[in-house]
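Numbering of ligands and ligand atoms starts at 1, following listing order. In what follows, every heavy atom counts, from backbone to side chain, and hydrogens, waters and symmetry copies are set aside.
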Amino acid sequence: MAKPVSIEVWNPNGKYRVVSTKPMPGTRWINLLVQQDCRVEICTEKKTILSVEDIIALIGNKCDGVIGQLTEDWGETLFSALSKAGGKAFSNMAVGYNNVDVEAANKYGVAVGNTPGVLTETTAELAASLSLAASRRIVEADGFMRAGLYDGWLPHLFVGNLLKGQTVGVIGAGRIGSAYARMMIEGFKMNLIYYDLYQATRLEKFVTAYGQFLKASGEQPVTWKRASSMDEVLQVADVISLHPILDKTTYHLINKERLSKMKKEAILINCSRGPVVDEEALVEHLKHNPMFRVGLDVFEDEPYMKPGLADMKNAIVVPHIASASKWTREGMATLAALNVVGKIKGYPTWSNPNAVEPFLDESASPPPACPSIVNAKALGLPVSKL
Ligand SMILES: NC(=O)C1=CN([C@@H]2O[C@H](COP(=O)(O)OP(=O)(O)OC[C@H]3O[C@@H](n4cnc5c(N)ncnc54)[C@H](O)[C@@H]3O)[C@@H](O)[C@H]2O)C=CC1
Ligand SMILES: O=C(O)C(=O)CO
């Protein structure tokens, strides 16, 4: 028998029971659920990562839908428990859903929602921040100041890299990768090389137009190239940022062999998922290449770091905060709640998960649709005509 978990309840007499495994930012998401006759139960348990047993206890005997977190293991056991409790809706409060076994959800007929778009710029901004911090050694220099080691300006003190005119490499030029590329190109006049399974046509057009603008202003134009292999990006780029999804094809995409192909003074940024990088190989590479730098938001065994990483001065590490802006986190909560209540109400799925703005407009009611259901096709769910 699973232990009971502490909860906070909104609208106790609501017809549909929706559980959120964590308190989430803002109140719009709660209000939207309450307006749709949901009883909302929010888990207030103090531990950061809930176990499968904790979530089974939360689901209980009757549950119409769950909003969950990327730290949770949503597989066969949880989807079976949700289905047994009458639930047909789940949403991650995240765009990435590598913690979800979508096949298992399909088996139990549970819709799986995610939260694309609302976090694109926020996540890209953190990748850009890490790129700048690594190239100009900001964290190292900050530590030096605080340690009282600064005793005057020196020509060699914390010399880093100038980004202007260098090449930024993007692996996974989807929503976030493309937004990051634009920031680095427009902000720092870097050239682009990217690798993706698909052509990033809009990004290419942007770089072409910006290059023409610079040329017309008498400046050196920026350029772009779609690489035919990932290795080409690794060999050519000065700053490389990883933005693919995590799946079997991207697990340990960056390994010992690939690290050795990168420039000795390159910068590697990871704001995708930890296992995209072989972190042990990375620690070894950092040890042997002091001018190589990394900025990491995500880790292979989150929340832990591989031994040695925390000691490396050429690594900047932050705790998975890439989407952590107030507007974005409130928007993620809203999209996740609307995915769940939309499925409960039998609404169709939104036709374009890259255009979720109408759901985020606080001055209007959201459209009667689920913003983003990743297994809509597999479940044969209807698509909104709006
Ligand atoms: N650190 C954080 O807080 C955050 C991390 N993320 C991560 O970023 C990922 C990407 O998010 P979006 O840009 O919105 O997704 P997206 O689906 O728009 O972009 C992913 C891109 O990766 C490409 N891709 C897939 N397999 C590949 C491979 N083997 N090699 C090269 N490219 C490949 C896809 O073609 C696609 O263009 C999410 O899945 C999530 O894991 C997202 C938001 C915040
Ligand atoms: O949305 C995601 O995938 C995250 O990692 C958290 O923002």
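Environment of CD in Glu280: sparse, with no more than 12 heavy atoms of neighbouring residues, nucleotides or ligands closer than 6.0 Å. At most 12 heavy atoms of other shown residues, nucleotides or ligands fall within 6.0 angstrom of atom CZ in Phe213.
Close contacts between ligand 1 and Tyr198 involve ligand atoms 35 (O) [criterion: under 4.0 Å to a heavy atom]. Atoms of ligand 1 found under 4.0 Å from any heavy atom of Val298, numbered from 1 in the order shown, are 1 (N). Taking every heavy atom of Ile176 and a limit of under 4.0 angstrom, the matching atoms of ligand 1 come to 8 (O), 11 (O), 12 (P), 13 (O), 14 (O), 42 (C), 43 (C). The atoms of ligand 1 that sit less than 4.0 Å from any heavy atom of Ser323 are 3 (O). Those atoms of ligand 1 that come under 4.0 Å of a heavy atom in Tyr195, given as number and element, are 30 (N), 31 (C). Close contacts of ligand 1 with Asp297, meaning ligand atoms under 4.0 Å from a residue heavy atom, involve 1 (N), 2 (C), 3 (O). Heavy-atom proximity to Thr250, at under 4.0 Å, picks out these atoms of ligand 1: 26 (N), 27 (C), 28 (C), 29 (N).
Taking the ring axis of Tyr16 as reference, the NZ or CZ atom of Arg39 does not stay both within 45° of it and closer than 6.0 Å to the ring centre.
Judged as a side-chain contact (heavy atoms from CB on, under 4.5 Å), and not counting sequence neighbours, the contacts of Asp142 are Arg146. The side-chain contact (heavy atoms from CB on, under 4.5 Å) check on Pro382 picks up Pro348, with sequence neighbours excluded.
Salt-bridge formation is not detected for the pair Arg226/Asp196: no Lys NZ or Arg NE/NH1/NH2 atom is positioned less than 4.0 Å from an Asp or Glu carboxylate oxygen. With respect to Lys263 and Asp238, a salt bridge is recorded, a charged nitrogen being found less than 4.0 Å from a carboxylate O. Salt-bridge check for Glu103 with Lys107: failed, with every basic side-chain N at 4.0 Å or more from each acidic carboxylate O. In summary, Lys261 and Glu257 engage in a salt bridge, as defined by a charged side-chain N under 4.0 Å from a carboxylate O. Glu302 and Arg273 are not joined by a salt bridge, as no carboxylate oxygen comes within less than 4.0 angstrom of a charged side-chain nitrogen.
With rounding to the nearest 0.5 Å, the separation of OG1 in Thr77 from CD in Glu53 is 8.5 Å. Here the OG1-CD1 distance, from Thr250 to Ile171, works out to 11.0 Å after rounding to the nearest 0.5 Å.
Contacts with ligand 1 closer than 4.0 Å are made by side-chain heavy atoms of His320 only, the backbone lying farther away. At a heavy-atom distance under 4.0 Å, atoms from both the backbone and the side chain of Ile245 approach ligand 1. Only the side chain of Val95 comes within contact range of ligand 1, with a heavy atom under 4.0 Å; no backbone atom does. Under 4.0 Å from ligand 1, not a single heavy atom of Leu253 appears. With a 4.0 Å heavy-atom cut-off, ligand 1 is reached by the side chain of Arg273 but not by its N, CA, C or O.
Of the listed residues (Lys306, His320, Glu279), just one forms a side-chain contact (heavy atoms from CB on, under 4.5 Å) with Phe299, and that residue is Glu279.
Counting only residues at least two apart or in different chains, side-chain hydrogen bond (donor to acceptor under 3.5 Å, both in side chains) contacts with residues 348-357 comprise Arg175-Asn354.
A heavy-atom cutoff of 4.0 Å around ligand 2 is satisfied by the protein residues Leu70, Ala94, Val95, Gly96, Leu119, Arg273, His320, Ser323, Met332.
When only non-hydrogen protein atoms are considered, atom 23 (C) of ligand 1 lies nearest to Asp196 OD2, 3.3 Å. Scanning the protein for heavy atoms near atom 7 (C) of ligand 1, the closest one is Ser272 O, 3.7 Å. In this structure, atom 29 (N) of ligand 1 lies nearest to the protein heavy atom Thr249 OG1, 3.2 Å. Of the protein's non-hydrogen atoms, Arg175 N, 2.9 Å is the one closest to atom 18 (O) of ligand 1. Here the heavy atom of the protein found nearest to atom 26 (N) of ligand 1 is Leu197 CD1, 3.6 Å. Summary of contacts: the protein heavy atom closest to atom 10 (C) of ligand 1 is His243 O, 3.5 Å. Given atom 9 (C) of ligand 1, the protein heavy atom at minimum distance is Pro244 O, 3.6 Å. Looking from atom 4 (C) of ligand 1 to the surrounding protein, the closest heavy atom is Cys271 O, 3.6 Å.
Under the 3.5 Å distance criterion, the side-chain polar atoms of Tyr194 are left unmatched by any main-chain donor or acceptor of Gly172.
Between Phe79 and Phe90, the ring planes are perpendicular. Angles over 60° get that label, and only those under 30° would be called parallel.
Among the atoms of Asn98, none of the N or O lies under 3.5 angstrom from an N or O of ligand 1.
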